[in-house]
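As structure tokens, the structure follows; a few thoughts come after it.
Note that the structure is predicted; figures quoted are calculated from it, not measured.
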Amino acid sequence: FIADGIKLLMKEDLVPDAADRRVFRIAPMVALMGTFAVFVIIPFSPSLIARDLALGIFYALAIGSLSTLATLMAGWSSGNKYSLIGGLRAAGQLIAYELPLVLAVVGVVIQAGTMSMQGIVQAQIDQSWPFVLTQFVGFAIFMIAGLAELSRIPFDMPIAESELVMGYVTEYSGFRFLFFFLGEYANMFSLSAIA
């Protein structure tokens with residue numbers, strides 16, 4: 001993993017001639033920014049949390065949707081029809097599964113009586129069993145929608161790794177591709193922490 005990161009940092013930063021240069025350069029940063037902004041509200045322990053927001057779950061779901069915007073920006077700005085189609089496919093899937101993801105979280109928020117991540121964890125401790133036992137349908141929906149949001153198997157069609165093109169990141173190289181790569185794996189970690 002570290003060797004891959006170093007290799008990507010050493011590669012040349014190429015921008016296609018037909019690309020919208022400004023948007024092309026900003027899209028990976030938007031993807032990475034949206035992913036790491038979620039870590040602000042995740043309680044790693046009772047004392048290790050950057051900020052305990054009263055609307056923590058709402059914040060996580062709203063900031064998490066920035067990856068959809070970054071996907072559209074990356075696909076459109078490349079000036080490549082394959083990247084555009086890949087970006088539209090990925091954004092379509094992300095948008096389609098955001099509603100079930102939000103609706104799956106609503107049951108937990110109602111049961112906990114708060115939208116604060118710290119409050120939800122504390123409500124589960126006070127109740128002495130996890131909400132997955134009472135919200136098992138919502139948990140299943142959340143896990144399926146989470147897999148789709150992360151473009152993991154069987155929802156990996158937007159990236160199209162089996163095809164010759166790589167979806168919306170076809171034209172990206174070097175550290176800009178690394179930003180999308182890091183954002184994807186950081187998003188996996190943050191979504192599993194929210195679950």
Side-chain angles (χ1 to χ4, degrees), residues 30-72 75 86-162 167-169 180-195:
V30 171
L32 198 61
M33 178 185 63
T35 300
F36 283 122
V38 174
F39 286 106
V40 171
I41 54 109
I42 294 177
F44 295 102
S45 75
S47 61
L48 185 58
I49 183 170
R51 186 87 170 142
D52 186 21
L53 299 176
L55 297 172
I57 285 286
F58 180 72
Y59 170 82
L61 295 171
I63 282 294
S65 66
L66 273 178
S67 64
T68 306
L69 179 63
T71 300
L72 284 171
L88 292 175
R89 281 194 318 193
Q93 178 171 307
L94 291 171
I95 291 169
Y97 284 96
E98 279 183 13
L99 183 61
L101 191 73
V102 170
L103 291 176
V105 170
V106 168
V108 171
V109 169
I110 291 171
Q111 193 169 356
T114 182
M115 291 180 83
S116 165
M117 291 289 286
Q118 193 82 357
I120 291 171
V121 170
Q122 190 59 46
Q124 291 183 80
I125 291 170
D126 294 343
Q127 195 170 355
S128 72
W129 68 77
F131 289 153
V132 70
L133 299 177
T134 56
Q135 300 284 333
F136 56 89
V137 174
F139 180 72
I141 292 170
F142 184 87
M143 292 305 291
I144 292 168
L147 284 174
E149 286 281 319
L150 297 171
S151 298
R152 293 284 138 212
I153 295 175
F155 303 101
D156 59 346
M157 190 63 178
I159 300 299
E161 289 177 351
S162 61
Y168 59 93
V169 292
F180 279 114
F181 187 71
L182 286 174
E184 181 180 341
Y185 281 95
N187 203 7
M188 280 186 227
F189 182 79
S190 67
L191 197 61
S192 67
I194 290 172

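- Rounding to the nearest 0.5 Å places CG of Asp126 at 10.5 Å from CD of Gln124.
- Contact of the Val108 side chain with the Ile120 side chain is registered, since non-hydrogen atoms from C-beta on lie closer than 4.5 Å.
- Looking at heavy atoms from C-beta onward, Leu101 lies in side-chain contact with Leu61 at the 4.5 angstrom threshold.
- Side-chain contact between Phe155 and Ile144 is present, with heavy atoms from C-beta onward closer than 4.5 Å.
- Leu150 is listed as a side-chain neighbour of Leu191, based on a closest heavy-atom distance under 4.5 Å.
- Side-chain atoms of Thr71 and Leu94, non-hydrogen and from C-beta on, do get closer than 4.5 Å to each other.
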Stepwise side-chain contact (heavy atoms from CB on, under 4.5 Å) check, Val106 with Val109: CA-CA 5 Å; Val106 168; Val109 169; 5.6 Å; no

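- In this structure, Ser190 and Asn187 approach most closely via the heavy-atom pair OG-O, 3.1 Å.
- Of all heavy-atom pairs spanning Leu72 and Gly87, the tightest one is CD2-O, 4.1 Å.
- Minimum interatomic distance between Pro43 and Met117 (heavy atoms only, all atoms of both residues): CD-CB, 3.7 Å.
- No side-chain heavy atom of Val121 sits less than 4.5 Å from a side-chain heavy atom of Gln118.
- Ring pair Phe36/Phe39: centre-to-centre distance below 6.0 Å.
- Here the closest non-hydrogen pair linking Leu32 and Gly183 is CD1-N, 3.6 Å.
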CA sep, side-chain torsions, deciding dist, call: Ile42, Ile49, side-chain contact (heavy atoms from CB on, under 4.5 Å): CA-CA 6 Å; Ile42 294 177; Ile49 183 170; over 6 Å; no

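- Checked by atom type, the side-chain pair Ser65/Glu98 shows no donor-acceptor distance below 3.5 Å.
- In terms of modelled atom types and a separation under 3.5 Å, the side chain of Tyr59 and the main chain of Ala37 share a donor-acceptor contact.
- Glu184 is not listed as a side-chain neighbour of Thr35, based on a closest heavy-atom distance of 4.5 Å or more.
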Pair Gln93-Glu149, side-chain contact (heavy atoms from CB on, under 4.5 Å): steps then yes or no: CA-CA 7 Å; Gln93 178 171 307; Glu149 286 281 319; over 6 Å; no

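- A cation-pi arrangement, defined by a distance under 6.0 Å to the six-membered ring centre and an angle within 45 degrees of its axis, is present between Arg152 and Tyr185.
- Taking the centre of each ring, Phe131 and Phe139 stay at or above the 6.0 Å mark.
- For Phe44, the CZ atom is densely surrounded, since the number of other residues' heavy atoms within 6.0 Å is greater than 12.
- Considering only heavy atoms from C-beta on, Ile57 comes within 4.5 Å of Ile194 through its side chain.
- Nearest heavy atoms, Val30 versus Ala70: CG1-CB, 4.0 Å.
- Annotation: Tyr97, atom OH; neighbour count of heavy atoms from other residues, nucleotides and ligands within 6.0 Å does not exceed 12.
- The heavy-atom pair separating Ala104 from Gly138 by the smallest distance is CB-O, 3.3 Å.
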